Amino acid sequence: MAERRSGAAEGLARLSEWVDAHLSLLRSLSAGMAVAGVLVLARSVRMTTKFTSALDIPVEFVTKNVKLRGKLHHITEKGLEVEHIPISIPLLTSIQRRWQSKGLLLVRLAGVELAPSGMAWLQQELKPKQMIWFQLLGREELALECLVLVTKGRFLSMCLNEEILRQGLGRTVPIEGLPHDSHLYWKLHRRLLRAEFKALKKHKGIWQEESYSERIRERISSSKAVQTLKQFVSWFRSS
């Protein structure tokens, strides 16, 4: 028993000597862990912060194309008005709710120019208070240029940007906010062009072919002879 005690005492003494010899290292490690903890906490605070304005979103969120979640409120000509729903951490979220302001984010479908029929389709397809995901691509004043995703079923999702073009309910335009020489820009732009081409090939939506009579009528009305005749009639009536 005495031998065991002496062995334990010797081990404790050696541990104490090692701690004394490496005290500065342990302090550095403790400081490093503390700093890491602060960084993790700061990041978690940002991820759990409810953004009520496009200007509140950190620049790195936009440059890194972070994907956020939100609840749809309104569909307007300017874009989708969405309530941001941040990641929920029970204790931290309950504290933040006390001082978070209210407001909606204006989310636009990046790379898409909506036709009037596209607006009607969105109002029919999307439900009030529906949850959506929007990936940040750019920010222009108070509007966010995004890829908007809607969950379809348990494992499927639909990109509204592509679906609008695939249905022939809009046209492809440059993606605002992304550098036009970046890999991501051309990757997404090709996706949108492919979706638009499918609608064009199938003559869907705005790409429907006019009937033969409509094309003849348009050609006649735009001919120079008809235009000259209209001008003569107008002049004759005024005189």
Side-chain angles (χ1 to χ4, degrees), residues 46 51-85 103-126 130-152 156-210 218 222:
R46 285 190 171 186
F51 301 124
T52 57
S53 170
L55 299 178
D56 296 337
I57 299 177
V59 176
E60 56 266 27
F61 274 41
V62 180
T63 56
K64 293 181 179 180
N65 310 122
V66 172
K67 188 183 296 182
L68 301 176
R69 184 179 60 154
K71 184 187 299 182
L72 178 68
H73 278 251
H74 306 102
I75 301 173
T76 71
E77 294 181 355
K78 295 182 179 179
L80 309 179
E81 293 184 351
V82 179
E83 177 188 357
H84 175 224
I85 306 297
L104 301 176
L105 300 176
L106 180 60
V107 175
R108 293 198 298 221
L109 300 177
V112 176
E113 180 184 339
L114 273 178
S117 54
M119 177 72 67
W121 182 84
L122 283 175
Q123 293 172 342
Q124 182 180 0
E125 182 72 18
L126 301 180
Q130 183 171 350
M131 298 298 296
I132 64 174
W133 289 89
F134 51 102
Q135 184 178 5
L136 304 173
L137 299 179
R139 175 169 52 192
E140 186 178 355
E141 296 181 354
L142 297 178
L144 298 169
E145 301 286 339
C146 305
L147 281 183
V148 181
L149 304 173
V150 177
T151 302
K152 289 288 184 181
L156 300 177
S157 63
M158 176 179 66
C159 177
L160 289 182
N161 309 57
E162 291 183 271
E163 191 62 24
I164 284 286
L165 297 173
R166 193 178 293 115
Q167 296 295 332
L169 305 176
R171 299 175 186 270
T172 303
V173 295
I175 301 174
E176 300 296 335
L178 280 178
H180 290 188
D181 58 348
S182 67
H183 174 72
L184 179 59
Y185 177 89
W186 288 107
K187 177 182 177 181
L188 296 178
H189 195 55
R190 281 195 297 268
R191 281 174 52 184
L192 298 180
L193 286 174
R194 282 197 295 266
E196 184 181 55
F197 181 73
K198 290 180 179 179
L200 179 61
K201 188 176 180 180
K202 295 181 180 180
H203 308 295
K204 299 179 69 173
I206 61 176
W207 306 112
Q208 288 181 357
E209 286 188 329
E210 297 176 336
E218 183 180 356
S222 61

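Because the structure is a prediction, the values reported are computed rather than measured.
Distance check, rounded to the nearest 0.5 Å: CD1 of Ile206 to CG of Leu200 gives 9.0 Å. The SG atom of Cys146 lies 9.0 Å from the CG atom of Leu80; values are rounded to the nearest 0.5 Å. A distance of 11.5 Å separates CZ in Arg194 from OG1 in Thr172, rounded to the nearest 0.5 Å. Atom CZ in Arg166 sits 10.5 Å away from atom CG in Asn161 (nearest 0.5 Å). The CZ atom of Arg69 sits 10.5 Å away from atom CD of Glu83, with the distance rounded to the nearest 0.5 Å. Considering CG of Leu55 and CG of Leu105, their distance stands at 10.5 Å, rounded to 0.5 Å.
Side-chain atoms of His74 and Leu104, non-hydrogen and from C-beta on, do get closer than 4.5 Å to each other. For the pair Lys198 and Leu165, the minimum side-chain heavy-atom distance is 4.5 Å or more. A 4.5 Å side-chain heavy-atom check between Leu160 and Val112 finds every atom pair outside the cut-off. Counting heavy atoms from C-beta on, the side chains of Val82 and Val148 never come closer than 4.5 Å. By the 4.5 Å heavy-atom criterion applied to side chains, Met158 and Glu125 are counted as neighbours. No side-chain heavy atom of His189 sits under 4.5 Å from any side-chain heavy atom of Leu178.
Within 6.0 Å of atom CD in Gln123, more than 12 heavy atoms from other residues, nucleotides or ligands are found, so the atom counts as buried in its surroundings.
Of all the heavy atoms in Leu192 and Ala110, the pair that sits closest is CD1-O, 3.8 Å. Annotation for Gly111 and Ile175: closest pair CA-CG1, 3.9 Å, computed over non-hydrogen atoms.
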List, one per line, each side-chain donor-acceptor pair under 3.5 Å for residues 180-187, sequence neighbours excluded.
unit_1: Ser182; atom_1: OG; unit_2: Pro179; atom_2: O; d: 2.7
unit_1: Ser182; atom_1: OG; unit_2: Tyr185; atom_2: N; d: 3.2
unit_1: Trp186; atom_1: NE1; unit_2: His180; atom_2: O; d: 2.7

Distance-only criterion, 3.5 Å: show the donor-acceptor pairs between side-chain atoms of residues 130-145 and protein atoms not counting sequence neighbours.
unit_1: Gln130; atom_1: OE1; unit_2: Lys127; atom_2: N; d: 2.7
unit_1: Gln135; atom_1: NE2; unit_2: Asn65; atom_2: O; d: 3.4
unit_1: Arg139; atom_1: NH1; unit_2: Ala54; atom_2: O; d: 2.6
unit_1: Arg139; atom_1: NH1; unit_2: Ile57; atom_2: O; d: 2.7
unit_1: Glu140; atom_1: OE1; unit_2: Arg108; atom_2: NH2; d: 3.0
unit_1: Glu145; atom_1: OE2; unit_2: Arg108; atom_2: NE; d: 2.9
unit_1: Glu145; atom_1: OE2; unit_2: Arg108; atom_2: NH2; d: 2.7

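When the side-chain contact (heavy atoms from CB on, under 4.5 Å) test is applied to Lys78, the partners found at least two apart in sequence or on another chain are Thr76, Leu106.
Aromatic ring pairs are classed by plane angle as parallel below 30°, tilted from 30° to 60° and perpendicular above 60°; the pair Phe51 and His84 is parallel.
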(request) Please report the C-alpha distance between Glu81 and His73 in whole Å, then the side-chain angles of each, then the deciding distance to 0.1 Å, and finally whether the side-chain hydrogen bond (donor to acceptor under 3.5 Å, both in side chains) criterion is met. (result) CA-CA 6 Å; Glu81 293 184 351; His73 278 251; over 6 Å; no
